[in-house]
Number of protein chains: 2
Amino acid sequence: MGSLTEENYIKSIYALSQATGEVYVSELAKKLEVKLPTVNSMIKRLAAKKLVAYAPYQGIKLTEKGKKEALGIVRKHRLAELFLVKVLGLGWEEVHDIAEQLEHVNSSRFYERIDELLDYPKFDPHGEPIPDSSGKIHAQKGTSLSDLAEGLTATITAVTEDEKSFLDHLNAKGLQIGDSVTVMKREFFDGSITLQHKSKKEILLTHQVAERIWVEV
Amino acid sequence: MGSLTEENYIKSIYALSQATGEVYVSELAKKLEVKLPTVNSMIKRLAAKKLVAYAPYQGIKLTEKGKKEALGIVRKHRLAELFLVKVLGLGWEEVHDIAEQLEHVNSSRFYERIDELLDYPKFDPHGEPIPDSSGKIHAQKGTSLSDLAEGLTATITAVTEDEKSFLDHLNAKGLQIGDSVTVMKREFFDGSITLQHKSKKEILLTHQVAERIWVEV
DNA sequence: TTTAAATATTAGAGCAATCTAACATTTTAT
DNA sequence: ATAAAATGTTAGATTGCTCTAATATTTAAA
Ligand SMILES: [Mn+2]
Ligand SMILES: [Mn+2]
Ligand SMILES: [Mn+2]
Ligand SMILES: [Mn+2]
C-alpha cells in the first residue's frame with residue numbers, strides 16, 4: 001500500500017483511463033489540480049513501482065498490479081458512500097467528499113463489517129457498481145439519457161458524477177436513482193431535453209446534465 | 001487544521017502532559033516513535049503556529065489554541081471508537097487502531113451524525129470521557145485498582161490504555177467495564193492483586209495491569 | 001565539586017511531493 | 001511543409017518530515 005497521494009493518483013488514472021485504457025499527463029494534472037511536472041515525476045515513481053506502464057510522450061496505463069490497487073480503493077470509496085447514506089443518513093450529495101477520506105482507511109475489519117452491515121451491496125448511492133473484495137466489477141452502464149430517443153421511457157440507474165453541485169442540481173429538479181422518466185422533446189440546437197417525470201412536472205435538462213445520467217429502457 | 005503529522009503531535013502532547021501540564025522532548029519521541037531531533041524541529045514549527053509554548057531545554061505545554069485542537073481530535077477518536085463498537089460491532093480491543101485513522105477525518109457532518117446516532121455519548125468503550133463539541137470534558141477518574149484496599153468492592157469504570165495486547169489480556173481474564181470486583185489480596189512484594197469477580201473465579205493481576213484499571217467504590 | 005550520564009539542540013542531509021522556468025516533442029493549422 | 005499551438009520533459013528550488021552525527025546543557029553520581 002502506497003501513500004495517500006499515490007492512492008489518489010492510482011484512483012484518478014483508473015477513472016480517467018476507463019474509456020480508452022490510457023490517460024494523458026495533462027488530464028491527470030487537471031483532475032488532481034497539480035501542475036504537469038508534478039504528474040510527470042509522480043508517474044515515474046509509480047512506474048518504478050510497477051503500478052503503471054509508461055513511456056515518454058505516451059499515454060499512461062495501469063498495470064495489473066495498479067488496476068488491482070485502484071479497484072480496492074474504488075471499492076472502499078463506494079462502500080463508504082453507501083454506508084454514509086444508509087447508516088448515517090447523509091444525503092447522496094454530501095457523501096463523496098467524506099468518502100474521499102474514508103477510502104484511505106487501512107483496515108480490512110472496518111470494510112468487512114460495513115460490507116456485511118449493508119448486506120454485500122452491489123451499487124453505491126449514485127448507482128455506480130461496487131467492486132467485490134476480489135476486485136470484480138459489473139460495468140453494465142446502459143444508455144445515457146442524452147442519447148435516449150424522443151418518446152421513450154426509461155429508469156434512472158446511475159449518475160457518473162458525484163460532485164455536490166451536480167447532485168444539488170438533480171435534487172432541485174427532483175430526480176433520483178430509480179425514477180422513471182419519459183423524453184418529451186430533444187432540442188437539436190443545444191442538445192437539451194424535456195422530461196416527463198412522476199412528479200407530473202416537466203423537467204428541462206441541459207445536455208451537460210443529461211449526459212451524466214444513465215438509464216435502462 | 002494542520003497536517004496529519006501535526007495532529008498526531010498535538011494529541012500526544014495533550015495525552016502526555018495531562019498529569020503535570022507539560023511533556024519532555026524525549027517522552028514525545030518515544031511515544032511517536034521518532035528521534036529526538038525530529039521532535040525538536042516539529043516543536044519549533046508548532047510553537048511558530050502558537051499551538052505550543054516552549055523554550056529550549058524546558059517542558060512543552062499546549063497553548064489554549066493547541067488544547068482546543070487536541071480536544072477536538074480526542075473527541076473524534078473516542079466517538080469513532082464507540083461507533084465502531086456500537087454500530088459496526090467490533091470488539092473494544094480492535095477499535096483503537098482504526099480510530100487513529102478516523103480521528104483525522106475532516107467533516108463536521110460525519111461526526112455530528114455519529115454523535116446523534118450514539119445519542120450524544122459521554123464515554124468511549126474504554127470508559128474514557130468524550131469531550132463535547134465545545135471541548136468540555138469530565139475528567140472524573142476515581143481510583144486506580146492498584147490503590148484499592150484489601151476487602152473493598154468496586155466497579156470498573158475505565159481503562160487508561162487501549163493497546164490491543166492489553167485489552168486482549170483483559171478479555172482473557174474476563175474483565176469488562178461495569179464489572180464489580182473485590183480485592184481479596186494485595187501482595188506487598190510485587191504489587192500484584194487477587195480479585196473476586198462475578199465469574200466466581202479468582203483473578204490475578206500484576207501491578208502493571210491493575211494500575212491501568214480505574215474503579216468507582 | 002568535578003565527572004559521568006541523560007537529555008536536548010544544531011548542523012547537515014535525504015525523500016516525497018510540489019512548484020516555476022526553460023527546453024523538447026508532438027499535433028494542428030496555415 | 002513550415003509555423004504555431006498544445007503537450008510533455010528536464011532542471012532546479014521549496015516545504016514538510018524525517019534521519020545521523022556532532023555539540024551543548026542539565027541532572028545525577030562519585
Ligand atoms: Mn464518490
Ligand atoms: Mn459514488
Ligand atoms: Mn484509543
Ligand atoms: Mn478509548
Side-chain angles (χ1 to χ4, degrees), chain A residues 1-14 16-17 19-62 65-66 69-70 73 100-101 103-104 106, chain B residues 1-14 16-17 19-62 65-66 69-70 73 100-101 103-104 106:
Chain A
M1 267 223 337
S3 66
L4 185 145
T5 308
E6 211 177 283
E7 290 192 351
N8 283 333
Y9 274 83
I10 292 295
K11 188 170 55 114
S12 294
I13 294 167
Y14 175 80
L16 297 176
S17 66
T20 64
E22 59 180 20
V23 59
Y24 295 95
V25 174
S26 52
E27 299 174 286
L28 268 177
K30 190 175 184 184
K31 170 96 164 184
L32 293 165
E33 298 181 290
V34 295
K35 303 296 176 182
L36 288 175
T38 303
V39 172
N40 187 262
S41 77
M42 179 58 94
I43 291 304
K44 286 181 188 167
R45 282 209 293 279
L46 296 177
K49 291 191 175 187
K50 311 278 186 202
L51 290 163
V52 305
Y54 148 88
Y57 297 99
Q58 305 299 125
I60 299 150
K61 297 188 227 285
L62 285 179
K65 187 181 168 196
E69 183 162 339
I73 304 167
E100 284 291 310
Q101 300 179 62
E103 74 193 5
H104 303 291
N106 176 18
Chain B
M1 269 225 333
S3 66
L4 186 145
T5 309
E6 210 178 283
E7 290 192 351
N8 283 333
Y9 274 83
I10 292 295
K11 188 170 57 112
S12 293
I13 294 167
Y14 175 80
L16 297 176
S17 66
T20 63
E22 59 180 22
V23 60
Y24 294 96
V25 174
S26 50
E27 298 174 285
L28 267 178
K30 190 176 183 183
K31 170 96 165 182
L32 293 164
E33 298 180 289
V34 294
K35 303 295 175 181
L36 287 176
T38 303
V39 172
N40 187 263
S41 77
M42 179 57 94
I43 290 305
K44 284 181 186 169
R45 280 208 294 280
L46 296 176
K49 292 191 175 187
K50 311 280 186 201
L51 290 163
V52 306
Y54 149 88
Y57 297 98
Q58 306 299 123
I60 298 152
K61 297 186 228 284
L62 285 178
K65 187 182 168 195
E69 182 162 341
I73 304 166
E100 283 291 311
Q101 300 179 63
E103 75 192 4
H104 303 291
N106 176 19

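We name chains A, B, ... by the order of the sequence lines, and we start the count at 1 in each one. Hydrogens, waters and symmetry mates are skipped; everything else that's a heavy atom, side chains included, is used.
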Colleague: Expressed as a whole number of angstroms, how long is the span from A/Ile43:CD1 to D/dT9:P?
Modeller: 9 Å
Colleague: Return the value, rounded to whole Å, for the distance between atom CG of A/Leu36 and atom P of C/dA21.
Modeller: 14 Å
Colleague: What is the distance, to the nearest angstrom, from the CG atom on A/Leu32 to the P atom on C/dC19?
Modeller: 10 Å
Colleague: Please state whether the phosphate of D/dG8, meaning OP1 or OP2, lies under 4.0 angstrom from any side-chain nitrogen or oxygen of A/Asn40.
Modeller: no
Colleague: Under 4.0 Å between a Lys/Arg side-chain N and an Asp/Glu carboxylate O for A/Glu100 and A/Lys11?
Modeller: yes
Colleague: About how many Å separate CG of A/Leu62 and CG of A/Leu46, when rounded to the nearest 0.5 Å?
Modeller: 9.0 Å
Colleague: For the side chain of B/Thr38, counting heavy atoms from C-beta on, which of D/dT18, C/dT9, D/dT9 is nearest?
Modeller: D/dT18
Colleague: Rounding to a whole Å, what distance do you find between A/Lys49:NZ and C/dC15:C1'?
Modeller: 11 Å
Colleague: Does atom OH (A/Tyr24) have a neighbourhood of more than 12 heavy atoms from anything else shown, all under 6.0 Å?
Modeller: no
Colleague: Could you please name the option among C/dT20, C/dT9, C/dT18 that lies closest to any side-chain atom of A/Lys35?
Modeller: C/dT20
Colleague: Can you name the nearest heavy-atom pair linking A/Ile60 to A/Tyr54, along with the distance?
Modeller: CG1-CD1, 4.0 Å
Colleague: Please write out the pairs of protein N or O atoms and N or O atoms of nucleotides 21-27 of chain D separated by less than 3.5 Å, giving the distance to one decimal.
Modeller:
| unit_1 | atom_1 | unit_2 | atom_2 | d |
| --- | --- | --- | --- | --- |
| D/dT25 | O4' | B/Tyr57 | OH | 3.2 |

Colleague: Taking only side-chain nitrogens and oxygens of B/Arg45, does any of them come within less than 4.0 Å of OP1 or OP2 of D/dG16?
Modeller: no
Colleague: Might you point out which heavy atoms bring A/Ile10 and A/Gly66 nearest each other, and give the distance in Å?
Modeller: CG2-O, 3.6 Å
Colleague: What closest approach, in Å, do B/Leu32 and B/Asn8 show between heavy atoms, and which atom pair accounts for it?
Modeller: CD2-O, 3.9 Å
Colleague: Within residues 2-14 of chain A, find the residues that approach DNA chain D with a heavy atom at under 4.0 Å, and present them sorted by residue number.
Modeller: none
Colleague: Kindly say if B/Tyr54 contacts the phosphate of C/dT9, meaning a side-chain N or O under 4.0 Å from OP1 or OP2.
Modeller: yes
Colleague: Below 4.0 angstrom, N of the basic side chain to O of the carboxylate: do B/Glu6 and B/Arg45 qualify?
Modeller: no
Colleague: What does B/Lys44 touch in the nucleic acid at a heavy-atom separation under 4.0 angstrom: a base, only the sugar-phosphate, or nothing?
Modeller: sugar-phosphate
Colleague: Counting only heavy atoms not in B/Lys65, do more than 12 sit closer than 6.0 Å to its NZ atom?
Modeller: yes
Colleague: Does OP1 or OP2 of D/dT10 have a side-chain N or O of A/Ser41 closer than 4.0 Å?
Modeller: no
Colleague: CD of A/Glu22 versus P of D/dT7: gap in Å, rounded?
Modeller: 15 Å
Colleague: Quick one: pull up CG in A/Leu4 and CG in A/Asn106 and give me the separation to the nearest 0.5 Å.
Modeller: 11.5 Å
